[in-house]
Structures are given as structure tokens and as C-alpha cells.
> 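So that we are looking at the same thing, I have put the structure below in C-alpha cells.
As the structure lists them, so they are numbered: ligands from 1, and atoms in each ligand from 1. Residue numbers count from 1 along this sequence. All values derive from a computational prediction rather than experimental measurement.
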Amino acid sequence: MPELSTLLGSLTPERFLAEYWQKKPLLVRGAVPEIARLISRDDLFHLATDEDIESRLITRADGWQMHHGPFSLRQLKRAAPPWTVLVQNVNLAHAAGDALLRRFDFIPYARLDDLMVSYATDAGGVGPHFDNYDVFLIQGMGSRRWHIGKQKDKTLIDDLPIRIIKNFHPTQEWLLGPGDMLYLPPQWAHDGVAVGECMTFSVGFRAPTAQELGEQFLSFLQERLTLPGRYSDPDLKKPRHAAEIGAAMIDQVAAILSTIRWNRTTVRDFLGASLTEPKASVFFDPPSHPLTITRFAAATKRKGVVLAPASQLLFSGNQFYLNGEDWKIPAHVKPLIRELANRRTLQIARPSGVALAQHALDDAIGLLYEAYCDGFL
Ligand code: AKG
């Protein structure tokens, strides 16, 4: 396995995808040199005190134990070492976390899940485990020793609050320092142990099971279902057996159900709505004293706009989805909103590569103003 430098080292995204993504691990030395400055230990502890942010504390002085946050700073500092605190969805609460996640834009945003950040005391960790999704493990401050292996035996230790592999047989080992990054495909067993206190940033991806997709799709369909008519049987004959579900009833219900239809557009809209649906813990903060549209327009022309870290904006062809809803965009404004979706920021006075008429600018500002008033920018 090669050792390289800067996000993917000397690899182009194309080569990374062809040779490593979902295939084999990659270690990149110095991938994110500035990472130790992104989020401090105190910032992380502060996030762990927030009741709207998912956090876990894992200790093992007395056997593996897990507690769910929020935690007071006192609770964290009094935990029996070695301990580790893990904060999920840091990208939704922290602009620098969102910016780090977006550096992985060689993978579609639709696949990105979240940025988890952990802090561990010396010898802390979550034990040998495997994930069902790809993960980039970026070392923040301090050092962590990683052992990894692609073992077939996935047996877990029974009755633990966390998923720990019973018979871990690592085949490779590295010590990661600040900025180093280890990529692991799904199902690679791994165990990272802090060497001194350390922080680790995990960029994780969505990999829903077929069952989850099916259930979510049916629930999406159900919310939009409108079937006309009602069950009726004007020609009903006296049944031979009163308890029998008659063939005519089965045929009639089968005919009604066969009118439930979906097509590729339904699937596209399902993906747009579900992939941009805000996570349960997300609340948008509409501005308490919103600017007037005139002032908003002036500020936007001067400084541009940035999506709030928790805002999810995706598109498919000409259809846009913002935070779980269809976002209707007139054709002449689409290039601008597409740029906002891709870059998550838009310099409206000089959008890159987009020729802009005055009426497109005015219409874009009208749309962005609505998003601003909802707290989405
Ligand atoms: C993972 O994200 O799969 C990890 O193993 C990270 C563990 C940690 O940050 O302690």
C-alpha cells in the first residue's frame, strides 16, 4: 500500500475511484495538514454538551461501557480513563466541519453521510470493529495507532453495548499523526488506539440496505397515494362459508392495488426528498430580525451567499431538492442554483462560468431571500 501526501496524495480522484474506492485501503500522509486547527478539543466538548447533537462516551476501565450524551464538561473530565467521546454530524453544526466534508466532492454528495469527530485519552478507542460503509479516518491532534485486516470472521462479542469483533486478526499497522488519513472500504476490520490524547475525524458514507430503501420508498409512496373509489359488491352472493375470504374479494382488491404506480420520476423524487431530508436533530434558525429584501439583495451582491451547514441541496437534471422539499426554480435561474448546490456558496455578482441576465439575478435573489428567511442560508 503506497504512502502519499495531500488529500489523495498524488492520486487523481479518478485513479482513487478506479483503484481504491470500495476495493482496498489507502494511507495518505499529510492529507489534511490544517486539520488540527479546524476544531479544537474544547469546541468538540462544547458540541458534546448540546442536547441536539448526538454524542457517545465509551469507557472500558470496567468492561466496555457506552453512555449517550449530552454530557456536562464535568462528566467528561471525570470519566475513568481510557475514555473516548464521539460526536456525530459535526458537519451540520460547524461550518469548518461542513467544509472538510465537501473536500470529498469527488464522491457525490448524495453518498456522503456525516463527519464524526472523536477525542480520546491515552489508550482510548472504540475497539476492533467493522463498518458497513466506506470511511476516511483523518487524524487530528495527537497520534493514533491503527490495526486493520480484511477478515472473513465477523463474529461479535455478545452482550456488549458496542460492536466489538471477537477474534480480531489485523494484518497491517500504522501510526497516524496530525493530518494523516486512512481510507477503508466497507467491512474492513479496524481498531484505532490513541497514543497520548488525540482527536480523529471520520468521514462516513450512506449505504442503506435494500430493505431500508424499500421501506422508505413505500412510506414516501404512501404519503402521496390517492386511489379513487371504494370497495363494493352489489352482486354479492350468499357465501358457502361465512368465514371464508372469497375469490371475488381477492380479485377486486388485487385490481385496486394494481393501480398503484411508480416510475423513474417517482424514484428520483423519493431520492431527492429523502437524501435532503434534515436529520432528526436539525433545527433551522430563521433570522430573528430578517433583512428587507432590498438590503438582502445588496448584501448578497456584495458578499454572495453560503448554505447553512445543515442545509442539504441536491438536484437531478432540472429538478432541485432543498431540505426534504422540491424547490421550484425557473429555467433561467437553474445554472445559479446548480452552482450553489455544487459549491455550497454562490458569488452572485460573478458566478463562475454562468452568463447572467438582470432578470435572472433578480429572480435568483427572490428565491434566495425565501431560503434566507427559512434559515437555510
Ligand atoms: C470509525 O469511524 O469507524 C472509527 O473507527 C473511528 C473511531 C474513533 O474515532 O475513535
Side-chain angles (χ1 to χ4, degrees), residues 22 25-28 31-32 35-36 38-41 43-45 47-48 53-60 64-69 71 76 79 81-91 94 97 100-101 104 107 111-151 154 156-157 160-165 168 170 172-207:
Q22 303 224 310
L26 173 70
L27 175 69
V28 184
V32 189
I35 193 142
L38 284 193
I39 297 172
S40 69
R41 184 186 71 168
D43 287 344
L44 187 70
F45 287 0
L47 292 176
I53 297 179
E54 191 186 325
S55 56
R56 287 166 295 156
L57 176 66
I58 295 178
T59 57
R60 61 181 162 81
W64 288 104
Q65 291 190 8
M66 179 172 71
H67 300 277
H68 288 280
F71 303 104
L76 291 179
W83 57 269
T84 181
V85 65
L86 303 114
V87 181
Q88 223 61 59
N89 294 314
V90 170
N91 53 299
H94 208 289
L100 175 63
L101 202 61
F104 292 81
I107 297 157
R111 287 282 269 119
L112 277 176
D113 187 7
D114 81 327
L115 174 69
M116 179 183 82
V117 184
S118 71
Y119 165 85
T121 60
D122 182 34
V126 300
H129 66 284
F130 61 87
D131 299 314
N132 292 317
Y133 48 82
D134 310 75
V135 64
F136 290 89
L137 299 156
I138 311 163
Q139 189 55 34
M141 63 113 146
S143 306
R144 189 182 280 275
R145 189 175 305 284
W146 286 98
H147 288 96
I148 70 166
K150 187 167 173 39
Q151 59 187 71
K154 300 278 187 319
L156 302 178
I157 303 179
L160 287 185
I162 55 175
R163 293 159 50 88
I164 305 269
I165 296 172
F168 182 43
Q172 289 163 290
E173 171 188 337
W174 295 278
L175 182 68
L176 266 63
D180 295 345
M181 179 173 82
L182 178 61
Y183 161 73
L184 294 177
Q187 300 287 332
W188 272 73
H190 54 290
D191 183 23
V193 177
V195 178
E197 61 168 357
C198 85
M199 286 173 67
T200 298
F201 294 60
S202 305
V203 176
F205 292 82
R206 302 179 201 254

> Quick one: does Y119 get a heavy atom under 4.0 Å from ligand 1?
no
> In ligand 1, which numbered atoms sit nearer than 4.0 Å to a non-hydrogen atom of S202?
1 (C), 2 (O), 6 (C)
> From the options L86, V193, I164, D191, select the one residue that forms a side-chain contact (heavy atoms from CB on, under 4.5 Å) with V126.
L86
> Should you measure from each heavy atom of M116, which atoms of ligand 1 turn up under 4.0 Å away?
2 (O), 6 (C)
> Are Q139 and T200 close enough that a side-chain donor and a side-chain acceptor fall under 3.5 Å?
yes
> In terms of the angle between their ring planes, are Y119 and F45 parallel, tilted or perpendicular, with boundaries placed at 30° and 60°?
perpendicular
> Test your reading of the structure: does T84 have an N or O sitting under 3.5 Å from an N or O of ligand 1?
no
> Show the nearest heavy-atom pair for residues G179 and I138, with the distance to one decimal.
O-CG2, 4.3 Å
> What protein heavy atom lies closest to atom 8 (C) of ligand 1? Include the residue and the distance to one decimal.
S118 OG, 3.4 Å
> Of the protein's non-hydrogen atoms, which lies at the shortest distance from atom 10 (O) of ligand 1, and what is that distance?
R144 NH2, 3.3 Å
> State whether the side chain of R111 and the backbone N or O of R206 hold a donor-acceptor pair below 3.5 Å, judged by distance alone.
yes
> Going by the order shown, which atoms of ligand 1 are within less than 4.0 Å of some heavy atom of T200?
9 (O)
> Could an N or O of ligand 1 be found under 3.5 Å from any N or O of H129, whether backbone or side chain?
yes
> Are the aromatic rings of H129 and H190 close, with centres under 6.0 Å apart?
yes
> Which bit of W146 is near ligand 1, meaning a heavy atom under 4.0 Å away: side chain, backbone, both or neither?
side chain
> Heavy-atom contacts with L137 under 4.0 Å: which atoms of ligand 1 show up? List them by number with element.
1 (C), 2 (O), 4 (C), 6 (C)
> Quick one: nearest non-hydrogen protein atom to atom 7 (C) of ligand 1, plus distance?
V126 CG2, 3.9 Å
> Is there a polar contact, in the sense of an N or O pair closer than 3.5 Å, between D131 and ligand 1?
yes
> Could you pull out the closest heavy-atom pair between Y183 and Q22, with the gap in Å?
OH-N, 2.6 Å
> Do side-chain atoms of N91 reach the backbone of L115 as a donor and acceptor pair under 3.5 angstrom?
yes
